[in-house]
Amino acid sequence: MRALYRSLLLTTAVALALPVCGFAAEEVVVYSSRTEDLIKPLFDKYTAETGVTVRYVTDGGGPLLARLKAEGANTPADMLITVDAGNLWQAAQDGVLAPVTSPVLTKNVPAHLHDPEGRWYGVTLRARTIAYSTKRVDPATLSTYEDLADPKWKGRLCLRTSKSVYSQSLIGMTIARLGEEKTESMVKGWVANLAVPPFANDTRVLEAIDAGQCDVGIVNTYYFGGLIREKPALAVALFWPNQAEESGGVHVNVAGAGVTRYAKHAAQAQKLLEWLTEPEAQEMFAGINLEYPVNPAVKIDPLVAVWGSFRQDPHNVSDAGALQAQAVKLMDRADYR
Ligand code: FE
């Protein structure tokens with residue numbers, strides 16, 4: 001008994017001594033719907049700078065959220081990284097994220113790009129904007145998302161499916177901006193102008209414009225970046241709609257992160273979250289996927305910067321989540337499939 005007691009004491013002493021000696025590295029566990037190629041370089045850098053090990057699991061945003069809910073208080077996850085404010089809003093709504101307030105986060109992430117209650121913060125920014133054929137469209141004839149409902153675009157528009165959370169967020173944010181009635185008439189006009197049924201992804205929309213199936217479409221900026229890097233001769237360009245003072249701005253969305261409600265390493269997770277919004281990590285995180293940094297003080301990747309600057313929709317992106325169910329119903333009524 002005495003021997004056991006002594007060995008327990010010894011174990012405790014060793015355990016306490018380890019962090020001081022630097023043998024037992026601290027760690028953070030991340031669930032990420034961003035793929036390994038997008039996050040590993042960042043986490044490697046974080047570990048090199050801080051000595052903190054970042055362990056991560058990658059999967060779809062839906063499965064990760066289901067897993068967090070099922071694991072409850074037993075989850076090993078300290079942080080959730082996922083794309084689209086709609087998905088982040090849902091995670092917050094489902095109670096798996098903890099509110100975090102931090103002067104670093106408030107300074108680095110503009111107010112409209114994080115949850116007002118601090119349960120998630122945008123870490124990279126993407127715009128969902130108009131793409132057009134440089135062969136068949138004079139950009140002077142483009143103006144707003146609403147204008148794509150005009151009969152002049154009949155048989156010329158390509159869209160991504162309404163099943164995509166990106167489409168749902170765009171329509172949710174348009175409801176926030178214009179109200180339901182105007183948004184519905186816009187979506188009906190879009191549907192009437194479709195050249196072909198909606199596509200499964202944004203790259204198909206861009207390829208269809210390039211191939212002459214349609215002349216205009218709506219895509220996330222980084223898909224354009226990815227495709228143009230592959231095919232520099234792509235006859236497609238981006239247009240920034242709704243730039244007039246009163247017309248709202250370009251629809252933007254985020255990939256974001258939050259500290260989980262049952263984090264075992266909450267303080268470490270918050271430090272990692274803060275680090276992700278600092279200039280060096282921002283430049284790297286945004287650059288890898290040709291996105292925009294959320295931190296306005298950070299340099300934009302040169303490949304992205306050539307598309308020019310634009311005014312963003314200043315509404316809080318969390319509206320995309322709050323209005324998602326309404327958006328889905330509206331698109332259904334308008335026959336947007
Ligand atoms: Fe995407």
Side-chain angles (χ1 to χ4, degrees), residues 84 126-174 177-178 182-243 247-253 290-291 303-304 306-308 310 313 327-328 330-337:
D84 201 284
R126 59 280 297 281
R128 192 157 186 78
T129 195
I130 295 177
Y132 66 94
S133 161
T134 52
K135 289 184 177 157
R136 296 177 304 279
V137 175
D138 174 359
T141 60
L142 292 162
S143 57
T144 62
Y145 296 103
E146 298 90 294
D147 178 67
L148 294 181
D150 188 280
K152 75 180 178 217
W153 300 110
K154 192 156 186 68
R156 303 175 68 191
L157 176 66
C158 276
L159 291 175
R160 181 176 182 149
T161 171
S162 64
K163 311 287 179 291
S164 161
V165 69
Y166 299 157
S167 307
Q168 295 165 8
S169 289
L170 170 62
I171 299 311
M173 293 303 287
T174 309
R177 183 165 64 79
L178 295 178
K182 281 185 183 157
T183 305
E184 188 162 342
S185 75
M186 176 189 81
V187 175
K188 281 181 175 157
W190 286 0
V191 171
N193 287 342
L194 282 176
V196 285
F199 289 112
N201 65 61
D202 287 6
T203 303
R204 288 288 297 113
V205 170
L206 292 162
E207 286 170 343
I209 298 171
D210 187 45
Q213 274 186 287
C214 46
D215 297 339
V216 285
I218 299 174
V219 296
N220 280 1
T221 42
Y222 56 92
Y223 291 109
F224 175 77
L227 196 59
I228 202 114
R229 194 159 52 177
E230 229 175 80
K231 302 181 182 173
L234 196 78
V236 181
L238 295 179
F239 177 82
W240 305 122
N242 299 65
Q243 292 302 284
S247 69
V250 173
H251 168 59
V252 292
N253 207 320
L290 299 177
E291 289 180 73
L303 253 169
V304 174
V306 296
W307 308 334
F310 57 89
D313 179 353
V328 168
L330 185 153
M331 290 189 287
D332 194 47
R333 285 199 302 277
D335 256 332
Y336 178 7
R337 297 301 173 211

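In what follows, residues are counted from 1 in the order of the sequence shown. Worth saying up front: this structure is predicted, and the values here are computed from it rather than measured.
Between the Thr161 side chain and the Ala200 main chain, no donor and acceptor come within less than 3.5 Å of each other. Between the Asn193 side chain and the Asp150 main chain, a donor and an acceptor come within less than 3.5 Å of each other. Side-chain atoms of Gln243 come within 3.5 Å of backbone atoms of Pro241 as a donor-acceptor pair (strictly under, hydrogens ignored). Side-chain N or O atoms of Asp215 include none that pairs as donor or acceptor with a backbone N or O of Ser133 at under 3.5 Å. Looking only at distances, no side-chain donor or acceptor of Trp307 sits under 3.5 Å from a matching main-chain atom of Trp240. Here the side chain of Tyr336 pairs no donor or acceptor atom with the backbone of Leu159 at under 3.5 angstrom. Thr183 places a side-chain N or O within 3.5 Å of a backbone atom of Thr174 that can act as its donor or acceptor partner. The backbone N or O of Arg126 sits nowhere less than 3.5 Å from a side-chain atom of Thr221 that would complete a donor-acceptor pair. A donor-acceptor pair under 3.5 Å links the side-chain atoms of Arg136 to the main chain of Ile209, judged by distance alone.
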field: Residues Glu146, Ser247; criterion side chain to side chain contact (heavy atoms under 4.5 Å, CB included); working and verdict
entry: CA-CA 10 Å; Glu146 298 90 294; Ser247 69; 5.6 Å; no

query: Step by step, would you call Trp190 with Ile218 a side chain to side chain contact (heavy atoms under 4.5 Å, CB included)?
result: CA-CA 11 Å; Trp190 286 0; Ile218 299 174; 3.6 Å; yes

- prompt: Passes side chain to side chain contact (heavy atoms under 4.5 Å, CB included), Asp84 versus Gln168? Steps please.
  reply: CA-CA 10 Å; Asp84 201 284; Gln168 295 165 8; over 6 Å; no

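Within the 4.5 Å cutoff, no side-chain heavy atoms of Phe199 are placed close to those of Val219. Residues Val205 and Phe224 are not in side-chain contact: their nearest non-hydrogen atoms beyond the backbone lie 4.5 Å or more apart. Proximity of Cys158 to Arg204: side-chain heavy atoms (C-beta onward) are nowhere separated by under 4.5 Å. Looking at heavy atoms from C-beta onward, Leu148 lies in side-chain contact with Leu142 at the 4.5 angstrom threshold. Taking 4.5 Å as the limit, some side-chain heavy atom of Val252 sits within range of a side-chain heavy atom of Phe310.
To the nearest 0.5 Å, atoms CE (Met173) and CG (Leu178) are separated by 11.5 Å. Rounding to the nearest 0.5 Å gives a distance of 7.5 Å between CG of Asp332 and OG of Ser162. Separation of atoms CG (Leu290) and OH (Tyr223) is listed at 12.0 Å; rounding is to 0.5 Å.
Ion pairing of Asp335 with Arg337 is present here, as a side-chain N (NZ or NE/NH1/NH2) and a carboxylate O approach within less than 4.0 Å.
Scanning both residues, Gly155 and Ala195, for their nearest heavy atoms gives O-CB, 3.2 Å. Contact detail for Val250 and Arg128: the closest heavy-atom pair is CG1-O, 4.2 Å. Closest non-hydrogen pair, Arg333 versus Glu184, comes out as NH2-OE1, 2.8 Å. For the pair Thr134 and Ala237, the tightest heavy-atom approach, listed with the atom from each and the gap, is CG2-CB, 3.6 Å. When all heavy atoms are compared, the tightest approach of Arg177 to Asp313 is CD-OD2, 4.1 Å. Residue Tyr145 comes nearest to Leu170 through the heavy atom pair CE2-CD1, 4.2 Å, listed as atom of the first residue, atom of the second, then distance.
In this structure, a donor-acceptor pair under 3.5 Å is absent between the side chains of Glu291 and Asn220.
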Tabulate below the donor-acceptor pairs under 3.5 Å that side-chain atoms of residues 225-232 make, not counting sequence neighbours, or state none.
none

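A 6.0 Å sphere centred on NZ of Lys135 holds no more than 12 heavy atoms belonging to other residues, nucleotides or ligands.
Remark: Tyr166 engages no residue in a ring-ring contact (aromatic ring centres under 6.0 Å, His included) (not counting sequence neighbours).
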